[in-house]
Peer 1: 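Quick one: structure below, then a few questions.
In this chain, residues are counted from 1 in sequence order.
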Amino acid sequence: MSARVTEVEHNGIAPIPPEEQTSRPRDLFRMAFGGANTFATIILGTLPIAYGLSFRDAALATALGVVVGGLVLAPMALFGPRTRTNNAVSSGAHFGVVGRCVGSFLSLLTAITFFAISVWVSGDAVAGAAQRLFGFDGGAVLRGVAYGVIAVATLVVCIYGYRFMLLVNRIAVVLGTAIMLLGVLAYGGSFDPGYAGTGTYALGTFWPTFTLAALTALANPISFGAFLGDWARYIPSSFSKRSLLTAPFLAQVATLLPFGFGIATATLVANPADYITGLTAISPLWYAIPLIVVALIGGLSTGTTSLYGTGLDFSSIFPRLSRVQATLLIGTLSVAFIFIGNFVLDMVSSINAFATLIVLCTSPWMVIMMIGFVQRRGFYDVADLQVFNEGRRGGRYWFARGVNWRAMAAWIPATTLGLLCANTPMIAGPLRDIAGGVDISLLVTLATAAVAYPVLVKLFPEPAEVFASVPLPVNAGA
């Protein structure tokens with residue numbers, strides 16, 4: 001029997017019982033799109049305009065980033081239905097059951113970033129709309145209260161778990177889409193598709209700035225890489241690969257709606273770097289309430305999809321913590337980051353830096369997992385993936401002290417070279433000018449991982465027992 005929405009989810013990191021795998025690929029679409037059809041994605045959409053690009057160039061850069069990111073993301077939906085656990089634990093098959101902590105680190109990095117974005121922009125939108133409606137300027141106090149309310153509501157949804165999240169995202173998909181389309185009436189009369197940009201590029205010249213904008217958009221689909229298994233694990237493995245690949249890709253293509261909303265409205269505000277304040281100032285009074293609604297629902301949607309998976313994963317790394325306790329811990333740390341980032345640091349610059357780290361650290365990890373999936377022909381030993389979580393040793397994926405050094409020896413150089421070649425306002429590596437200032441960090445990190453891992457596996461073959469055709473030796477790793 002399926003769990004009720006109002007029941008606190010009992011499943012942790014252990015394999016989902018087959019009888020509870022009652023979701024379908026369309027539910028994966030709802031979770032992925034609902035989690036991105038929000039103000040957090042709108043904010044990412046405004047950044048290309050803040051970088052100085054024209055509307056046309058901002059739209060092209062964003063579309064490029066979303067499509068490429070969606071293609072890279074889609075295969076990450078294949079693991080959950082087979083392993084019946086999340087992608088971080090699934091990565092133990094390729095990084096080792098201890099080395100899979102790399103995936104846990106990536107999920108933590110992504111969760112803090114996107115939970116912070118969702119609460120920050122939603123709180124600012126609520127405060128701005130309240131001022132527009134009632135003429136009340138609550139300043140930092142009102143914003144702080146708004147942050148706190150949204151953060152607590154997000155934590156409550158995460159504690160209830162997957163079924164409650166699915167309900168929230170179903171609402172977010174429909175309501176968020178309707179309100180953004182309603183924005184055509186609110187802002188259509190002022191929008192100029194011929195907007196030429198500021199003429200001052202964030203990185204000095206056009207192509208480096210265009211590439212920065214594309215990478216900013218690409219961070220959104222890549223950010224789901226560590227989390228896609230959180231929801232895909234509820235889908236039976238009987239569904240075709242095509243349906244599992246199509247759902248997350250189409251979800252990312254659909255995010256061109258909130259991205260487009262952000263790009264278009266950013267051309268209208270006085271200062272794109274202070275987008276929320278500018279948007280509420282130019283919004284018709286009748287649109288202020290819908291803005292509050294999309295901010296609240298969107299904040300819950302993005303915040304829960306990010307925070308839920310990390311709480312789930314950290315409950316396995318620290319067995320003394322339940323899923324609920326781990327979620328509360330990570331949520332508390334994220335709230336602290338929100339207040340420090342907003343009231344002490346430059347939040348936009350902080351988000352840009354974290355987005356860069358997400359892309360350059362997560363994309364090579366995803367590539368290694370995809371190559372491993374093909375090499376293993378989709379075979380995973382569900383029980384042996386749980387060795388670390390259960391405090392045991394040995395099994396098919398123990399490798400050397402729980403770490404597959406081949407995967408680590410590919411991921412570390414790939415990430416390092418990517419950071420060395422990065423060219424962003426906050427993260428600029430010593431090799432940033434190697435291509436005339438154009439940021440080639442993503443190409444470098446993907447190519448390094450795609451070449452290094454297969455070469456290392458060819459030169460130093462992995463243990464035979466990780467493949468389906470070879471049985472696990474008696475007392476292996478004991």
Peer 1: Compare all side-chain heavy atoms of Asp230 with those of Met31 and state whether any distance is below 4.5 angstrom.
Peer 2: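 The answer is no, as the side chains (C-beta and beyond) never meet within the 4.5 Å cut-off.
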Peer 1: Answer whether the closest heavy-atom distance between the side chains of Val102 and Ser91 falls below 4.5 Å.
Peer 2: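 With C-beta onward as the side chain, the pair stays apart.
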Peer 1: For Ser243 and Ser240, indicate whether the former's side chain and the latter's backbone hold a donor-acceptor pair under 3.5 Å.
Peer 2: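 Such a contact is found between Ser243 side chain and Ser240 backbone.
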Peer 1: Can you tell me if Asn423 and Ser441 form a side-chain donor-acceptor pair at under 3.5 Å?
Peer 2: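 No, no side-chain donor-acceptor pair sits under 3.5 Å.
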Peer 1: Quick one: does Asn86's side chain have a donor or acceptor within less than 3.5 Å of a partner on Val89's backbone?
Peer 2: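 At least one qualifying donor-acceptor pair exists.
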Peer 1: Taking the six-membered ring for Trp, are the ring centroids of Phe79 and Phe373 within less than 6.0 Å of each other?
Peer 2: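 Phe79 vs Phe373: aromatic centres under 6.0 Å.
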Peer 1: Any heavy-atom pair between the side chains of Thr415 and Cys361 that's under 4.5 Å?
Peer 2: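 Cys361 vs Thr415: side chains touch.
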Peer 1: Do Tyr51 and Thr198 get their side chains close enough for a donor-acceptor pair, meaning under 3.5 Å?
Peer 2: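 No, because no side-chain N or O of Tyr51 sits under 3.5 Å from a partner of the opposite role on Thr198.
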Peer 1: Look at the aromatic rings of Phe29 and Phe33 and report parallel, tilted or perpendicular, splitting at 30° and 60°.
Peer 2: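 Aromatic pair Phe29/Phe33 classed tilted.
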Peer 1: Given the side-chain rings of Phe399 and His94, with only the six-membered ring counted for Trp, is the space between their centroids under 6.0 Å?
Peer 2: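 Aromatic pair excluded; centres sit 6.0 Å or further apart.
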Peer 1: Taking the side chain as every heavy atom from C-beta outward, state whether Tyr234 and Asp27 have any pair of such atoms under 4.5 Å apart.
Peer 2: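 No, side chains not in contact.
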Peer 1: Are the side chains of Asn37 and Thr255 in contact, using a 4.5 Å heavy-atom criterion?
Peer 2: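 No; the side chains remain at least 4.5 Å from each other.
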Peer 1: Do Arg376 side-chain atoms and Ala93 backbone N/O form a donor-acceptor pair below 3.5 Å?
Peer 2: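 At least one qualifying donor-acceptor pair exists.
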Peer 1: For Trp405 together with Phe460, are the ring centres under 6.0 Å from each other?
Peer 2: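 Yes.
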Peer 1: Is Arg84 reaching over with its side chain to a backbone N or O of Ile16, donor-acceptor style, under 3.5 angstrom?
Peer 2: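 Yes, because the side chain of Arg84 sits within donor-acceptor range (under 3.5 Å) of the backbone of Ile16.
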Peer 1: Does a donor on one side chain sit under 3.5 Å from an acceptor on the other, for Asp57 and Ser54?
Peer 2: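 Distance-only check passes for Asp57 and Ser54.
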Peer 1: Name the one of Thr445, Val451, Val444 that satisfies side chain to side chain contact (heavy atoms under 4.5 Å, CB included) with Thr448?
Peer 2: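 Only match with Thr448 under side chain to side chain contact (heavy atoms under 4.5 Å, CB included): Val444.
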